[in-house]
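All of these numbers come straight from a predicted model, not from anything done at the bench. Residue numbers start from 1 in every chain, and the chains themselves are labelled A, B, ... in the order their sequence lines are given, proteins ahead of strands. Reckoned from all heavy atoms, side chains included, excluding hydrogens, waters and symmetry mates.
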There are 2 protein chains.
Amino acid sequence: MKARVTIMLKDGVLDPQGEAIRHALGGLGHKGVGGVRQGKLIELDLDATDTDAAQAEVVKMCEGLLANTVIEKYSIEIV
Amino acid sequence: MKARVTIMLKDGVLDPQGEAIRHALGGLGHKGVGGVRQGKLIELDLDATDTDAAQAEVVKMCEGLLANTVIEKYSIEIV
C-alpha cells in the first residue's frame, strides 16, 4: 500500500522559496504568473494492508516528524 | 487558473532525503515503511484562461527551470 503525503506552508505564512521561483520565472519571460507556493511531496511504501490503519499511522508520522504543524498543513492520500 | 506541478526523482535515482526520512521514521517506532521518496510540489497561480495554453506554458516552465529533467520527472495538473 502506498501513501502520498502533501505538505504545504499554511496560507498566510511567507514562502520565500515560492517567491524566488516566481521571480525567476518572470526573468525567463513567463509573464502571467500571479503567485507560487512550494511544498513537499512524500511517497511512502507501507506494509500495512488496512486503509484505515495505514491512514492513522501516516497521520502519526506527519504529526511527529514529516510536517511542522505550526506553519505547515498536510494532506494524506492512500493509494 | 491554478497549476500543480509534481516533481519527483526518476526511478533508479538515489534519493538520500527519502532514505533519511525512512531511517528517522524507523527510529520513531514506525515499522513497516518499505521505502520513501521525497519530491517537490509547486502550485502556480496563472492568469491564463485557456487550459491547453496554460498546460503548454507550464511544460516550458518545467523544462526551463522547475525540473532537472536529467534526474527528475514531472507531472502537471491544471485545476
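A single hydrophobic cluster is seen to contain both B:Val59 and B:Ile7, as judged by linkage of ILVMFWY side chains at heavy-atom distances under 4.5 Å, directly or through other members.
Heavy atoms of A:Leu28 lying under 4.5 Å from chain B belong exclusively to its side chain. Using a 4.5 Å cut-off between heavy atoms, B:Leu46 touches chain A through backbone and side chain atoms alike.
By number of non-hydrogen pairs under 4.5 angstrom with chain A, the leading residue of B:Asp45, B:Leu44, B:Asp47 is B:Asp45. When each of A:Thr6, A:Val5, A:Leu65 is scored by its heavy-atom pairs under 4.5 Å with chain B, the top score falls to A:Leu65. Interface check for chain B: of the options A:Gln17, A:Lys2, A:Met8, the most heavy-atom pairs under 4.5 Å are formed by A:Met8.
Other residues, nucleotides and ligands contribute more than 12 heavy atoms inside 6.0 Å of the CD atom of B:Glu43.
For the pair A:Asp11 and A:Arg37, the tightest heavy-atom approach, listed with the atom from each and the gap, is CA-NH2, 4.2 Å.
No side-chain heavy atom of B:Lys10 sits under 4.5 Å from any side-chain heavy atom of B:Ile71.
A:Glu63 and A:Lys60 are not joined by a salt bridge, as no carboxylate oxygen comes within less than 4.0 angstrom of a charged side-chain nitrogen.
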